[in-house]
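A quick write-up on the structure given underneath.
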Amino acid sequence: MKGFSELKFAGPKVISAVFLIMFLLMFLPFHVFESEVIQYTHKVYSDIYQKAVDQFVTSISRGYFQWNAMFSAFISQDREFIDSMFQEILTDFPYAREIMTVERPSGMTTEKDYTVSMKNEELYAYVNIMDSLSQDIVDDVVVMVGIDKYRVLEGLSMVDRVIFSDEGKKIFAYGLHASIRGYGLYNWLVFHAFISGLIGVLLMMEVLSVSFSRYHQTKGLQTIVHMWELQDPYTTYHSRNVAMIAEILGKRLGLKRKKLIEIVNGAKLHDIGKLGISTNILKKKGPLNEIEREVMMDHPRRGKDLLEQFKYLDKYIPYAYMHHEREDGSGYPRGLKGEEIPFEVKILAVADVLEALTADRPYREAYSLPEAAEMMTRMPLDQRIVSEVFKALPELYEKLSLWDIQDQDSQEKFESSIDALRKP
């Protein structure tokens, strides 16, 4: 678990208090009947068993089947590579008893990475095959992994407590039939109170530490970027405005809530690579010389290197690294073009250019929103996204307050200029 490294910051008193609370909560119901104890044991073991299976399948899915090399192998039908990877999985993952390619089962969608189901008292995982960015997916086939249900029991040290049987009276994880052996009441309470206390401490600290780490890393870096922008009146609130524009465009383009949150955070961090660049370069009113231009063009790489130092910020790296790439390959740092650039990054690029054009700069005054939108139609940006800028002009004006419209005549001119630009 990623959060274990932060346990040391909690302190022994907090950990002991959480453990003691969990222990007492489990030990106090001493009056329960043996049947109720067994029922609870069944539930706990079933949940742990299911989580172990999910963790196993998730490891395989993310490690092998959300991978460009495997995706390409399926597209090109490179059986030698696929079979070698299958053999590697069988060797390295004892829970896997068989693995093969099968046609996509009816009812299995491409929305989830995998599904786990039971058939004839055996467990099977059906795993989608996709590229590393989870954008492209193999439609017609999936990978079926047969799960050794007994090996999972052994790995969890449950062999003496859980007995799989077709005649089992209780439904276990994933619909398997099983019988549960009970302890003596007192021993059961002591043992499970201790285990529950331990698991409660680990899971609670894991959730808290991961949540706090992600929050402080993301929000902390965003605050640093904002404080840095405050030093320069020409770029003050740049990242925040870019994030607001990107969110408006993302909504109009149908991005889901999770992706909207991601693109907003990515926008707030996209220029983090400019930290450390001399203000003499950033505020220079005249054209940059060759060395200064090289320093400025290196900020995407610097941003990528910085974000790589934080273990929860990997998904924001493309926003920092690729926001200056362009549709025709004229961008930097890698000269990517077209579909090589993630769609969300294209949205950020449009938002970044729009904000830059409509903000004052040392070397020019700000353009109006319609002027900036019209200029962007001649730039190597994704024109599907640029077209949404025209549709969103009233909302952008309202949210960003970029224009000072104080009377009815100005309001009418604003609306007529938008209508004129929308016409073909």
Side-chain angles (χ1 to χ4, degrees), residues 109-112 133-137 214-215 218-219 221-223 225-226 229 237-272 307 313-327 338-339 341-359 366-377 379-403 405 411 414-415 417-419 421-424:
T109 68
T110 59
E111 298 297 322
K112 295 182 179 180
L133 295 176
S134 300
Q135 292 181 329
D136 294 321
I137 191 167
R214 288 180 176 175
Y215 176 83
T218 304
K219 298 301 180 183
L221 288 178
Q222 290 174 2
T223 300
V225 171
H226 180 59
E229 288 182 348
Y237 302 109
H238 169 69
S239 294
R240 292 188 178 184
N241 285 343
V242 171
M244 190 177 297
I245 296 170
E247 182 179 16
I248 291 171
L249 296 178
K251 287 180 179 178
R252 299 186 68 90
L253 291 163
L255 292 188
K256 295 183 178 179
R257 182 175 178 275
K258 184 177 180 181
K259 276 296 179 183
L260 283 174
I261 294 174
E262 178 182 308
I263 199 173
V264 167
N265 286 327
K268 290 179 180 178
L269 296 172
H270 79 283
D271 266 345
I272 196 169
L307 292 179
L313 303 183
D314 289 351
K315 59 185 175 183
Y316 304 125
I317 290 175
Y319 298 99
Y321 190 47
M322 301 182 186
H323 66 277
H324 281 292
E325 302 287 358
R326 294 295 180 258
E327 288 293 300
E339 297 305 315
I341 310 169
F343 183 63
E344 292 81 6
V345 176
K346 294 181 180 184
I347 295 175
L348 173 61
V350 170
D352 188 36
V353 172
L354 180 63
E355 204 287 331
L357 290 173
T358 53
Y367 293 100
S368 68
L369 270 170
E371 288 173 338
E374 197 279 331
M375 293 170 65
M376 291 167 64
T377 61
M379 297 180 183
L381 300 164
D382 190 322
Q383 293 302 313
R384 295 171 299 171
I385 303 172
V386 174
S387 66
E388 291 297 328
V389 173
F390 287 95
K391 301 174 185 177
L393 284 176
E395 184 179 2
L396 290 169
Y397 159 73
E398 179 182 353
K399 292 288 181 66
L400 298 175
S401 299
L402 294 175
W403 289 5
I405 301 178
Q411 176 69 36
F414 167 72
E415 294 174 350
S417 63
I418 291 177
D419 291 337
L421 285 171
R422 283 175 174 167
K423 294 179 180 178

With rounding to the nearest 0.5 Å, note down the distance linking CD1 in Ile347 to CD1 in Ile263.
4.5 Å

Measuring from Glu374:CD to Tyr367:OH, what's the distance to the nearest 0.5 Å?
11.0 Å

Is the distance between the ring centroids of His324 and His270 under 6.0 Å?
no

pair Asn265-Tyr319: side-chain heavy atoms closer than 4.5 Å:
no

So how far is it from Leu381 CG to Gln383 CD, rounded to the nearest 0.5 Å?
6.5 Å

Listing, residues 242-257 side-chain donor-acceptor contacts under 3.5 Å, not counting sequence neighbours, or none:
from	atom 1	to	atom 2	distance (Å)
Arg252	NE	Glu388	OE1	3.3
Lys256	NZ	Glu111	OE1	3.4

Gln135 meets the side-chain contact (heavy atoms from CB on, under 4.5 Å) criterion, sequence neighbours left out, with Asp131, Leu133, Pro342, Glu344

Looking at every heavy atom in both Leu354 and Ala372, which two are closest together, and how far apart are they?
CD1-CB, 3.8 Å

What pair of heavy atoms forms the shortest contact from Ala366 to Ala359, and how long is it?
CB-C, 3.5 Å

When you measure from the side chain of Glu355 to the backbone N and O of Val353, does any donor-acceptor pair fall under 3.5 Å?
no

Measure the NE2-CD1 distance between His323 and Ile341 for me, rounded to the nearest 0.5 Å.
12.0 Å

Any residue meeting side chain to side chain donor-acceptor pair (under 3.5 Å) with Glu327, in chain and number order, not counting sequence neighbours:
Lys346

Looking at NZ of Lys315 and CD1 of Ile317, how far apart are the two atoms once the value is rounded to the nearest 0.5 Å?
12.0 Å

Before giving the answer on side-chain contact (heavy atoms from CB on, under 4.5 Å), spell out for Leu357 and Met376 the whole-Å C-alpha distance, their side-chain angles and the decisive distance to 0.1 Å.
CA-CA 9 Å; Leu357 290 173; Met376 291 167 64; 3.9 Å; yes

Of all residues at least two apart in sequence or in a different chain, which pass the side-chain contact (heavy atoms from CB on, under 4.5 Å) check with Thr110?
Arg104, Ile137, Asp139

CD/Glu395: more than 12 non-hydrogen atoms of other groups inside 6.0 Å
yes

My understanding is that only residues two or more places apart in sequence, or in another chain, count here; which of them pass side chain to side chain donor-acceptor pair (under 3.5 Å) with Lys259?
Glu262

Heavy-atom closest contact (Leu307 atom, Leu269 atom, distance):
CD2-CD1, 4.4 Å

